[in-house]
Amino acid sequence: MSERPRTRPEGPPADLTSAEAAMWHRFRDGTVYDLSSGDSVVDDPHGGHPWGPERTVRARVVCWLLLDGPPALAGRVSALKLAGVRVSGTMDLAGGVVVPYVELRGCRFEREVLLPEARCATVRLIDCSVPRLEAARLHTEGDLHLPRCRFHRGVRLTDAQIGTDLMLNESVAHRDRSGRAIAADGLAVGQDLQGELLEAHGETSLRGATVGVSLSLRGARLHHPYARFALNAPQLTVGRTLYLTPAGVGDPLLHGTTPAQGTRIQRFECRGGVRLDDGRFGDALDLELARFLLAEGQELSLRRVQTPELRFLGERPERGRVVLSGAKVVGLVDRADSWPGPGRLQMGGFAYDTLVPRGPFPLDVRLRWVAAATAEYHPEPYERLAAVLRAGGEDEQAREVLLAKQRRRRESLPAAAKLWGYVQDWTVAYGYRPGRAAVWMALLWAAGSIAFAQSDLAPLKSDEHPSWNPTLFALDLLLPVIELGQVDHWQLRGAWQWLAATLILLGWILATTVAAGATRLLRRG
């Protein structure tokens, strides 16, 4: 943006108050106009101490300076820099083009600030008291900084375009008449959106928002417990990482650095539902130590989220549900005690390529994690877990997962099929433990050998038969396909015939199971 040529007189208008005239001169030389008293209690913009006319300027004069103010002094750049000033009336810059740099610190606005469809360079309101900020479709070439401000009736940034950074660190926003504390649907931020230690008492809405680099809500507290969502951000796109993680109370962690020893840590806390459906996060979605306080019927919804890394390391939600249906991540970093229990987890179609557990996460606990996500039997979560374990070289654990899948499937079968399932489980573990089948083969061989050693079988042909060998005869019955030259030469009657038929049948079942298990091992090798 470039300033228009000025033809106005260089002296202040006659109708300005002394405070406004002084502001007029400071605007021309771009220096700070500070009306603070030096008493921190009196100067607190959020306190109850009154500020008189000596600290008051009219909003229309401020707007006049920003939209059509006097030219800068020679060698200076005009800018509005106020500190400790009370602004009376409505500051209405709707649709205007604001060329000068704007920075207000510790100021108190009597009425709302209106910036809808305005175009600005950089705007900084720092530690200010603002009844409401209305800035739908605002366009800034630089930053919009609103740290430590208090918005009594919310902030609206719907479809705003912020050229570089949007900062809301340590700000407090209360809800408007529609229940929203921060309405920023369609917001576009060129670089970072920082809301560290933010307090929002109402819905924070970021539907369809786009953040070029990172979105940080470290240590933020979002409270909207009696409605559906406290954080409503479907189709959110973040170039790098969304941080819902702790922050140090004070300066040390406000920009993501490690807090100094002894720094008090404040977790990200959300009291109310969270919707991040269809979100896209270029590096990671980080939920380390996050606390989600959900009511019955509320959700932490991550449906169809896509990100290279999901760090699911928060505190276990005691109520509500966690939904990961259709989400696709490359690496899942998680803790066993972060996941909710049965009936409170849904992850049908949840795809992940690697598992990186933090702390102990034994297989039996991982299987309970899968079971918790499937109120009714569904093979996909088990097969996904088995595939990931197998890809990581954990073949034995992968077989245990597939065995657990068969056992879970068995519970959904009719009585007869369920009984047959129990038999398969007890004998050969559905083929996933081929060694057990080999043991059963050996036991049946030994039992058959002992039984036939007590028999007195007659040969079919008295002059054409091998020597009687009960051990080879039992083995010939058990081994399908392979002929050992024993079975076809002896007569079987009565109970011996039934015993032989039983051994043949069991031999087929067990040999097939051993062959299937060996095939699986060779295929993985």
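Since the structure is predicted, the reported quantities are computational estimates derived from the model, not experimental observations.
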Set out, in order, the CA-CA distance, both residues' side-chain angles and the distance that settles side chain to side chain donor-acceptor pair (under 3.5 Å) for T90 and D92, then state yes or no. CA-CA 6 Å; T90 300; D92 188 353; over 6 Å; no

Is [X] reaching over with its side chain to a backbone N or O of [Y], donor-acceptor style, under 3.5 angstrom?
{"X": "E170", "Y": "G195", "answer": "no"}
{"X": "S171", "Y": "L146", "answer": "yes"}
{"X": "D143", "Y": "H145", "answer": "no"}
{"X": "H224", "Y": "G272", "answer": "no"}
{"X": "R26", "Y": "V32", "answer": "yes"}
{"X": "T245", "Y": "R218", "answer": "no"}
{"X": "D165", "Y": "Q191", "answer": "no"}
{"X": "S338", "Y": "E315", "answer": "no"}
{"X": "Q266", "Y": "A247", "answer": "no"}
{"X": "T204", "Y": "L231", "answer": "no"}

Is any side-chain heavy atom of [X] less than 4.5 Å from a side-chain heavy atom of [Y]?
{"X": "Y243", "Y": "L285", "result": "no"}
{"X": "P70", "Y": "L65", "result": "yes"}
{"X": "T237", "Y": "V211", "result": "no"}
{"X": "L138", "Y": "L144", "result": "yes"}
{"X": "M91", "Y": "L66", "result": "yes"}
{"X": "H174", "Y": "F151", "result": "no"}
{"X": "L385", "Y": "Q397", "result": "no"}
{"X": "C120", "Y": "T122", "result": "no"}

For residues 345-370, dump all side-chain donor-acceptor pairs below 3.5 Å to protein atoms at least two apart in sequence or in another chain.
{"residue": "T354", "atom": "OG1", "partner": "V330", "partner atom": "O", "Å": "3.4"}
{"residue": "R366", "atom": "NH1", "partner": "D334", "partner atom": "OD2", "Å": "2.7"}
{"residue": "R366", "atom": "NH2", "partner": "D334", "partner atom": "OD1", "Å": "3.3"}

Heavy-atom closest contact ([X] atom, [Y] atom, distance):
{"X": "L168", "Y": "L198", "value": "O-CD1, 3.9 Å"}
{"X": "A181", "Y": "A173", "value": "CB-O, 3.5 Å"}
{"X": "D192", "Y": "S214", "value": "OD1-N, 3.1 Å"}
{"X": "G248", "Y": "I265", "value": "CA-CD1, 4.0 Å"}
{"X": "L293", "Y": "E269", "value": "CD1-CD, 3.9 Å"}
{"X": "E54", "Y": "L35", "value": "O-CD1, 3.7 Å"}

From [X] [atom1] over to [Y] [atom2], what is the distance, rounded to the nearest 0.5 angstrom?
{"X": "Y101", "Y": "K81", "atom1": "OH", "atom2": "NZ", "result": "6.0 Å"}
{"X": "I182", "Y": "L157", "atom1": "CD1", "atom2": "CG", "result": "8.0 Å"}
{"X": "S129", "Y": "R150", "atom1": "OG", "atom2": "CZ", "result": "8.0 Å"}
{"X": "L215", "Y": "L244", "atom1": "CG", "atom2": "CG", "result": "8.0 Å"}
{"X": "Y33", "Y": "C107", "atom1": "OH", "atom2": "SG", "result": "11.0 Å"}
{"X": "W64", "Y": "R58", "atom1": "CH2", "atom2": "CZ", "result": "10.5 Å"}

Is [X] salt-bridged to [Y], cutoff N-O under 4.0 Å?
{"X": "E296", "Y": "R344", "result": "yes"}
{"X": "R207", "Y": "D277", "result": "no"}
{"X": "E299", "Y": "R321", "result": "yes"}
{"X": "R132", "Y": "E112", "result": "no"}
{"X": "R105", "Y": "D127", "result": "no"}
{"X": "R221", "Y": "E199", "result": "no"}
{"X": "R175", "Y": "E203", "result": "no"}

Donor-acceptor contacts, no H, no angles, side chain residues 304-311, under 3.5 Å, sequence neighbours left out:
{"residue": "R304", "atom": "NE", "partner": "D278", "partner atom": "OD1", "Å": "2.8"}
{"residue": "R304", "atom": "NH2", "partner": "D278", "partner atom": "OD2", "Å": "3.1"}
{"residue": "T307", "atom": "OG1", "partner": "F281", "partner atom": "O", "Å": "3.2"}
{"residue": "T307", "atom": "OG1", "partner": "E309", "partner atom": "N", "Å": "3.4"}
{"residue": "T307", "atom": "OG1", "partner": "E309", "partner atom": "O", "Å": "3.3"}
{"residue": "E309", "atom": "OE1", "partner": "R311", "partner atom": "NE", "Å": "2.4"}
{"residue": "E309", "atom": "OE1", "partner": "R311", "partner atom": "NH2", "Å": "2.9"}
{"residue": "R311", "atom": "NH1", "partner": "D286", "partner atom": "OD2", "Å": "2.9"}

Check whether the side chains of [X] and [Y] place a donor and an acceptor atom closer than 3.5 Å, and report yes or no.
{"X": "E196", "Y": "S216", "result": "yes"}
{"X": "D39", "Y": "S37", "result": "no"}
{"X": "R180", "Y": "S178", "result": "no"}

Determine, step by step, whether D159 and L187 satisfy the side chain to side chain contact (heavy atoms under 4.5 Å, CB included) criterion, reporting the C-alpha distance in whole Å, the side-chain angles of both residues, the deciding distance to 0.1 Å, and the verdict. CA-CA 5 Å; D159 296 318; L187 171 71; over 6 Å; no

May I ask you to check if R108 and W51 form a cation-pi contact, with NZ or CZ under 6.0 angstrom from the six-membered ring centre and within 45° of the axis?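 So R108 does make the cation-pi contact.
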
Would you check, one step at a time, whether the test side chain to side chain contact (heavy atoms under 4.5 Å, CB included) holds for V61 with M23? CA-CA 10 Å; V61 177; M23 177 178 67; 3.8 Å; yes

So Q298 and F292, side chain to side chain contact (heavy atoms under 4.5 Å, CB included) or not? Walk me through it. CA-CA 10 Å; Q298 292 180 337; F292 298 98; over 6 Å; no

Can you establish whether the number of heavy atoms outside R76 located under 6.0 Å from its atom CZ is more than 12?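 Yes.
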
Counting only heavy atoms not in R55, do more than 12 fall under 6.0 Å of its CZ? yes

Intermediate values then yes/no, side chain to side chain contact (heavy atoms under 4.5 Å, CB included), V333 and L313: CA-CA 7 Å; V333 184; L313 302 167; 4.1 Å; yes

What class does the angle between the rings of H223 and H201 fall in, given that below 30° is parallel, 30 to 60° is tilted and above 60° is perpendicular? perpendicular

Between R119 and T140, is the side chain to side chain donor-acceptor pair (under 3.5 Å) condition met? List the steps. CA-CA 6 Å; R119 299 182 68 87; T140 71; over 6 Å; no

